[in-house]
There are 2 protein chains.
Amino acid sequence: MDQPDGAAPAQDRKAPATIYDIARHTGVSPSTVSRALNKPGRLNPETERRIREAAKELGYRINPMARALPTGKTGTLGLIVSDITNPVYFDLVRGAERVASEAGFTLVFADSQESSELEHTTAERLQSYVDGLLLVASRLDDRRIQELSSVKPVMMVNREVPGIPAVVPDVRPGITDALGRLRRLGHRRIAYLSGPQLSWLNGQRWQTLFELAVEWDMSIVEVKSTAPTREGGAEAFQRVKAAGVSAVFAYNDLVALGLLRECREHGIDVPGRLSIIGFDDIFGADLPTPALSSIKLPLAEIGGKAVRRLLAELDGTQGGTEIVLQTEFISRESVAEPQA
Amino acid sequence: MDQPDGAAPAQDRKAPATIYDIARHTGVSPSTVSRALNKPGRLNPETERRIREAAKELGYRINPMARALPTGKTGTLGLIVSDITNPVYFDLVRGAERVASEAGFTLVFADSQESSELEHTTAERLQSYVDGLLLVASRLDDRRIQELSSVKPVMMVNREVPGIPAVVPDVRPGITDALGRLRRLGHRRIAYLSGPQLSWLNGQRWQTLFELAVEWDMSIVEVKSTAPTREGGAEAFQRVKAAGVSAVFAYNDLVALGLLRECREHGIDVPGRLSIIGFDDIFGADLPTPALSSIKLPLAEIGGKAVRRLLAELDGTQGGTEIVLQTEFISRESVAEPQA
DNA sequence: CCCTGACAGTCAATCGATTGCCGCTCGATC
DNA sequence: GATCGAGCGGCAATCGATTGACTGTCAGGG
């Protein structure tokens, strides 16, 4: 501290109490204090009580850094998402946060702005702080993820990587339901407005749609979008229109929302001329007119389960297999039978 | 580690390299390594080069815990928001994150679920991890905040507390513009659908509206909402309707959105019969029909500035006074002249 | 009466990095 | 040629908590 004396800038902070203070206060040794606080029952109940009391009195708060040094455990988990401004992550983050703090863990949180490079940097930086990492919809390649996981436990969310534990949704139920509905309404030719090539979920969605469409004898085309955002959706409008389909699935609700808005602006009737279905059922999907139909992920549950699973991994109680959660089709106004 | 031998649960993680490894590798002492890495120029350039090289080669990553112990600095900032599922925090969080990571700091992030109690617990827990705390729209009372700030630096965002540095918006420009517009359109009787009593911004908004309305000779009433959410807004519909006003400001966009939807469902024409204006201009405000007008906060900027200011506080270069940022009225379809 | 062992508490090493102080070397200065 | 000081690097203490090994005590069993 090189503060100019006499001119302490802010109020002076009192140094926090340590186990040494408590030890002095109660006339025992620091190691006894440590045990009193961490290994209930190891000590004489009376001694333990006295120590606990003194700790309370002195306002003792454990110093996590100091503890982390010998134990190697920080009590902290890292969560990296691809884009924090995507509402889809709300519930996921909250679910994760809840479970983590119930378990006495702290969540550290970062976003990679859809950049694989930035994600890597961030992951490495975070890794030295945390006990384990949650990678949500990671854009990293398998090798890099495996590297990361050779340093500290890594849990994948919404993505699968060989050898790495994961919590993922099963997109099939939701898609089956949605596509079935379209089919019954009379749609025969549909499009998939796709997302980032590096997105595992994008692959899943396309794959599943494709297989089902083929199986049900519907025709399907992929239309590429430039970005998984509202802008990306809007920008793809002409290509979707040109594809001559009666219904379109969009990679996610942001894209769907962008497309929907653009349709309206160009006087394309939704759902009359084009039915639109998004994925994720984010905040706001129900706001536009027509309200957007979407295939919903149980995000909060995914976040919670992912943390729980990572926590289990941490103390060796590994869950083993991968966890899969179901999706659900939320039908709103953006779907109807195609105009003759 | 009490792993059952022979059955190592996951792949074994290699211990990360330390300065001791580097020291051995290059034949110098650990302290020299430390200096090479932290005090460029202090050492013989050649020695420094060799050490840096070895560090790179061994994949050395500093152990933040170990560093934090002697220095007391963790390189980490805590950010607590009242409700992470409120889209208003997106940009704020992202702005904060960006500045923090540019400065080599890591953001730890938590939400208090609108609970003052939970916020307090969280703040205390976080405080032992971080160098400083950012409290966004805190629901804590002044005394508790001052307590927190006597332990480690605290920066208030969207709230003022005596003696604590803050970054806040000036709601006046946006409100003036919006209210002026209403007045010119012919509105004379307006309502404010208020938010949480503990919210400082809620107070600011009401105060400012009230003063301006009085000054401009418009009548104004406060209608209470039960929660600062869409549900809260919907739930207040009857009370707003009963108030017999031609325009309403809502505490935030979530509330406004809820109210807007409910109006539509009850066949109340917006903006014909009722003009609605929200605050924050969150994601989705432009989605409904009619699109919601809103008074926008420069959230990303607020987040960034708050972090910068806290960082300055940390190394004594305190900015001194409080930072105030301007608001802006975003006019959309939910505002029109009142029906005769 | 001695031994065993449970129990309570202490000692001291350790985690990884930082830093004040010291010592050596060497060239410049008087 | 002795002295001084700058430059370079090492020694060892320190931050706060954890933990294996150890000591001393006391009760109960053989």
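These figures come from a predicted structure and were not determined experimentally. Quick note on labels: first sequence line is chain A, next is B, and so on, each numbered from 1.
Of the residues in residues 43-59 of chain A, none has a non-hydrogen atom less than 4.0 angstrom from any atom of DNA chain D.
Among the heavy atoms of the strands, none lies under 4.0 Å from B:Val33.
Without hydrogens or angle criteria, A:Ser101 side chain to A:Gly104 main chain gives no donor-acceptor distance under 3.5 Å.
Evaluation of the salt bridge (charged side-chain N to carboxylate O under 4.0 Å, His left out) rule for A:Arg67 yields no partner, not counting sequence neighbours. The salt bridge (charged side-chain N to carboxylate O under 4.0 Å, His left out) check on B:Glu119 picks up nothing, with sequence neighbours excluded. Scored by the salt bridge (charged side-chain N to carboxylate O under 4.0 Å, His left out) test, B:Arg98 finds no partners at all (sequence neighbours excluded). Legend: residues meeting side-chain hydrogen bond (donor to acceptor under 3.5 Å, both in side chains) with B:Ser29, ordered by chain and number and at least two apart, are B:Ser31, B:Thr32. Residues that satisfy the salt bridge (charged side-chain N to carboxylate O under 4.0 Å, His left out) test with A:Glu53, not counting sequence neighbours, are A:Arg49.
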Show the distances under 3.5 angstrom between N or O atoms of the protein and N or O atoms of nucleotides 20-22 of chain D.
unit_1	atom_1	unit_2	atom_2	d
D:dG20	O6	A:Arg35	NH2	2.4
D:dA21	N6	A:Arg35	NH2	3.4

Review item, nucleotides 25-27 of chain C N/O atoms under 3.5 Å of protein N/O:
none

Polar-atom pairs under 3.5 Å, protein N or O versus N or O of nucleotides 23-25 of chain D: list them with distances, or write none.
none

Restricting to nitrogen or oxygen on both sides, can you table the protein-nucleotides 14-17 of chain D pairs closer than 3.5 Å?
unit_1	atom_1	unit_2	atom_2	d
D:dC15	O2	B:Pro70	N	3.1
D:dG16	N2	A:Ala66	O	3.0
D:dA17	OP1	A:Tyr60	OH	2.6
D:dA17	OP1	A:Asn63	N	3.4
D:dA17	OP2	A:Ile19	N	2.6
D:dA17	N7	A:Tyr20	OH	2.9

After noting the C-alpha distance and the side-chain angles of B:Tyr20 and B:Tyr60, does the key distance pass the ring pair (Phe, Tyr, Trp, His ring centres under 6.0 Å) rule?
CA-CA 10 Å; B:Tyr20 294 86; B:Tyr60 172 74; over 10 Å; no
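When all heavy atoms are compared, the tightest approach of A:Asn158 to A:Leu201 is ND2-CD1, 3.6 Å. For the pair B:Ile145 and B:Ser138, the tightest heavy-atom approach, listed with the atom from each and the gap, is CD1-OG, 3.8 Å.
A:Arg94 and A:Asp91 are not joined by a salt bridge, as no carboxylate oxygen comes within less than 4.0 angstrom of a charged side-chain nitrogen. A salt bridge links B:Glu48 with B:Arg52: at least one charged nitrogen is closer than 4.0 Å to a carboxylate oxygen. Ion pairing of A:Glu117 with A:Arg144 is present here, as a side-chain N (NZ or NE/NH1/NH2) and a carboxylate O approach within less than 4.0 Å. Ion pairing between a basic and an acidic side chain is recognised when a charged N comes within 4.0 Å of a carboxylate O; A:Arg139 and A:Asp83 show no such pairing. Salt bridge status for B:Arg50 with B:Glu46: absent, with no side-chain N to carboxylate O gap under 4.0 Å.
Below 30°, between 30° and 60°, or above 60°: for A:Phe109 and B:Phe109 the angle between ring planes is below 30°, a parallel geometry.
A sub-4.0 Å separation between OP1 or OP2 of C:dT19 and a side-chain N or O of B:Lys39 is present.
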Donor-acceptor pairs under 3.5 angstrom involving side-chain atoms of residues 125-136 of chain B: please list them, not counting sequence neighbours.
unit_1	atom_1	unit_2	atom_2	d
B:Arg125	NH1	A:Phe105	O	3.3
B:Arg125	NH1	A:Thr106	OG1	2.7
B:Gln127	NE2	B:Leu148	O	2.8
B:Ser128	OG	B:Arg125	O	3.0
B:Tyr129	OH	A:Thr74	O	3.1
B:Asp131	OD1	B:Thr74	N	2.7
B:Asp131	OD1	B:Thr74	OG1	3.0
B:Asp131	OD2	B:Thr74	N	3.2
B:Asp131	OD2	B:Gly75	N	2.9

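Taken over five-pair windows at either terminus, the axes of the helix from C:dC1-D:dG30 to C:dC30-D:dG1 are inclined to one another by 60° (rounded to 10 degrees).
Checked by atom type, the side-chain pair B:Ser82/B:Tyr89 shows a donor-acceptor distance below 3.5 Å.
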